[in-house]
There are 2 protein chains.
Amino acid sequence: MVNTKDAPRSVVKRLPVYLRILDNLIRRDVDIISSSELSEETGFTAEQIRKDLAYFGAFGTRGKGYNTSFLRDKILSIIGLDKLTNVIVIGAGHLGIALSRYTITKNPYVKIVGIFDNDPKVVGGNILGVPIYHVDEMEKVTKDNDVKAAIIAVPAEYAQAAVDDAIRSGVKVFLNFAPTKLDVPEHVFIHNADLSIELQSIIYYAST
Amino acid sequence: MVNTKDAPRSVVKRLPVYLRILDNLIRRDVDIISSSELSEETGFTAEQIRKDLAYFGAFGTRGKGYNTSFLRDKILSIIGLDKLTNVIVIGAGHLGIALSRYTITKNPYVKIVGIFDNDPKVVGGNILGVPIYHVDEMEKVTKDNDVKAAIIAVPAEYAQAAVDDAIRSGVKVFLNFAPTKLDVPEHVFIHNADLSIELQSIIYYAST
DNA sequence: CATTGTGAACGGATTCACAGCC
DNA sequence: GGCTGTGAATCCGTTCACAATG
């Protein structure tokens, strides 16, 4: 059974880690991997890995381990990355552009179909071939490409408006880099990736 | 009592959120705030906020609430941001530069004292006045400035070497943007902020 | 017989409910 | 009276230990 949707957030956050390891193994022509070897590679315990996978089904072979390609495909399908996933980036400042470049060049499985800004100086340009549109065009681009996910990289004061626009255009999930709390309806999912907060929170562990 | 060091990670991650809200309130000349008002602003429950603060002491006044400036100062001191915190960025590619600019302009309480790379084309330059050094100079710069925290923004294949160098230079905590697992000694703290993984993990919530 | 899959035990974090105090 | 501070209860995720099985 795939896509149970009630898996704990903590489990879902580990799935892409497994995915990356499996991609590396497949590239190195490794066919079979055990949970204890995966534990080595990921730093998670072997039991945890087996439990994580068990939320979605029984993908291994007792006595042997997991077939790397088979498990990779299962995880892709669980996450929803088996079909092409179109994403937009809102904000074409330094951070938005760097995040776009990074995602375009480094992230398999997702495709950025547009970057949005309201500054006429950048609208009309492109980043590695991906057009920068005016925010007014968001609804059209988003609907034409069936976009369900957005990266928010605008200043805090514009972030709520950006999210509201995107939700109106059908976007369901957000990766938010703006340093502010965003109010969204129940059915919308937001993951905050606030760089200042993450940096400050590690400072706590720097003394002694 | 300040700086108990055994507070749960989950609590520590919320402290900078409180800090930001308090800074905003102080800027708007709000002197007193209750846990339920803080709950409004943060999205965390009032009980949780009170419990979080209680790990470190009793900072409020029963019947009234918390004095914003007093609480801000306490939290700064708990995190260790009361004294100036010097940070380095390793990697001067697009992402490293964007993260540097962002931190320099948007992050109060921390100061970037150097950006490191091994590409002679960028070494010698600067970002908003912060010099880009060759990685060979890391130990000197880090020790001269008592740097305890680093942001890793190099490609995956260089990340382990970068971290090893930094640890040798006395760095204790890392914010890692490289898409790879890093092995570090027990006493070193790493927080992974892998953009591909965070993006992929939210896609899970995009269907239906 | 090695390794998966899983119920049970455990532990840590959140929520509840109220006592304590300004 | 109202809000903080906190023990108790609960919830949830991780670890343990072992039964199931290719």
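Values reported hereafter were calculated over all heavy atoms of this structure, with side chains retained and with hydrogens, waters and symmetry mates removed. Just so it is clear, the structure is predicted and the values come from calculations on it, not from any experiment. Each chain gets a letter, A, B and so on, in the order the sequences are listed, and its residues count up from 1.
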[N] phosphate, OP1 or OP2, under 4.0 Å from [X] side-chain N/O:
{"X": "Thr61(A)", "N": "dT4(C)", "answer": "no"}
{"X": "Tyr55(A)", "N": "dT14(D)", "answer": "no"}
{"X": "Arg50(A)", "N": "dC18(D)", "answer": "no"}
{"X": "Thr45(B)", "N": "dT15(C)", "answer": "yes"}

Nearest-angstrom distance from the residue atom [atom1] of [X] to [atom2] of [N]:
{"X": "Lys13(A)", "N": "dC12(D)", "atom1": "NZ", "atom2": "C1'", "answer": "14 Å"}
{"X": "Tyr18(A)", "N": "dT4(C)", "atom1": "OH", "atom2": "P", "answer": "12 Å"}
{"X": "Asp31(A)", "N": "dT3(C)", "atom1": "CG", "atom2": "C1'", "answer": "17 Å"}
{"X": "Asp6(A)", "N": "dC12(D)", "atom1": "CG", "atom2": "C1'", "answer": "13 Å"}
{"X": "Leu53(B)", "N": "dC3(D)", "atom1": "CG", "atom2": "C1'", "answer": "13 Å"}
{"X": "Asp52(A)", "N": "dT15(D)", "atom1": "CG", "atom2": "C1'", "answer": "13 Å"}
{"X": "Gln48(A)", "N": "dA17(D)", "atom1": "CD", "atom2": "C1'", "answer": "17 Å"}
{"X": "Phe59(B)", "N": "dC3(D)", "atom1": "CZ", "atom2": "P", "answer": "21 Å"}

Is it the case that [N] (base atoms only) and [X] (side chain only) share a donor and an acceptor within less than 3.5 Å, ignoring hydrogens and angles?
{"X": "Lys64(B)", "N": "dG1(D)", "value": "no"}
{"X": "Arg62(A)", "N": "dT4(C)", "value": "yes"}
{"X": "Lys51(A)", "N": "dT6(C)", "value": "no"}

Problem - First of Pro8(A) and Gly63(A) reached from the 5' end of DNA chain D, by closest nucleotide - result: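 The residue mapped nearer the 5' terminus is Pro8(A).
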Problem - Residue closer to the 5' end of DNA chain D, Glu47(B) versus Glu47(A) (nearest nucleotide) - result: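 It is Glu47(B), whose closest nucleotide lies nearer the 5' terminus.
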Practice task
Give one of base, sugar-phosphate or nothing for Ser35(B), where a contact means two heavy atoms less than 4.0 Å apart.
Solution key: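 Result for Ser35(B) = sugar-phosphate.
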Practice task
Select base, sugar-phosphate, or nothing to describe what Arg9(A) touches, counting heavy atoms under 4.0 Å on all strands.
Solution key: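 The answer is nothing, as Arg9(A) stays clear of every strand by at least 4.0 Å.
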Practice task
State plainly whether the residues Arg20(B) and Asp23(B) are in salt-bridge range, i.e. N to O under 4.0 Å.
Solution key: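 Between Asp23(B) and Arg20(B) there is no salt bridge, as every charged N stays at least 4.0 Å from the carboxylate O atoms.
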Practice task
Taking only Lys NZ, Arg NE, NH1 and NH2, and the carboxylate oxygens of Asp or Glu, determine whether Glu139(A) and Lys143(A) approach each other closer than 4.0 Å.
Solution key: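 A salt bridge links Glu139(A) with Lys143(A).
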Problem - Which atom of Phe189(B) lies closest to which atom of Arg9(B), heavy atoms considered - result: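 Smallest interatomic distance, heavy atoms only, reads CZ-NE, 3.6 Å.
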Handout entry: Phe44(B) and Tyr18(B) aromatic ring geometry - parallel, tilted or perpendicular at 30°/60° bounds
Key =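 Tyr18(B) vs Phe44(B) ring planes: perpendicular.
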Problem - Any side-chain donor near an acceptor of the partner, Gln48(A) and Asp52(A), under 3.5 Å - result: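 No, no side-chain donor-acceptor contact under 3.5 Å.
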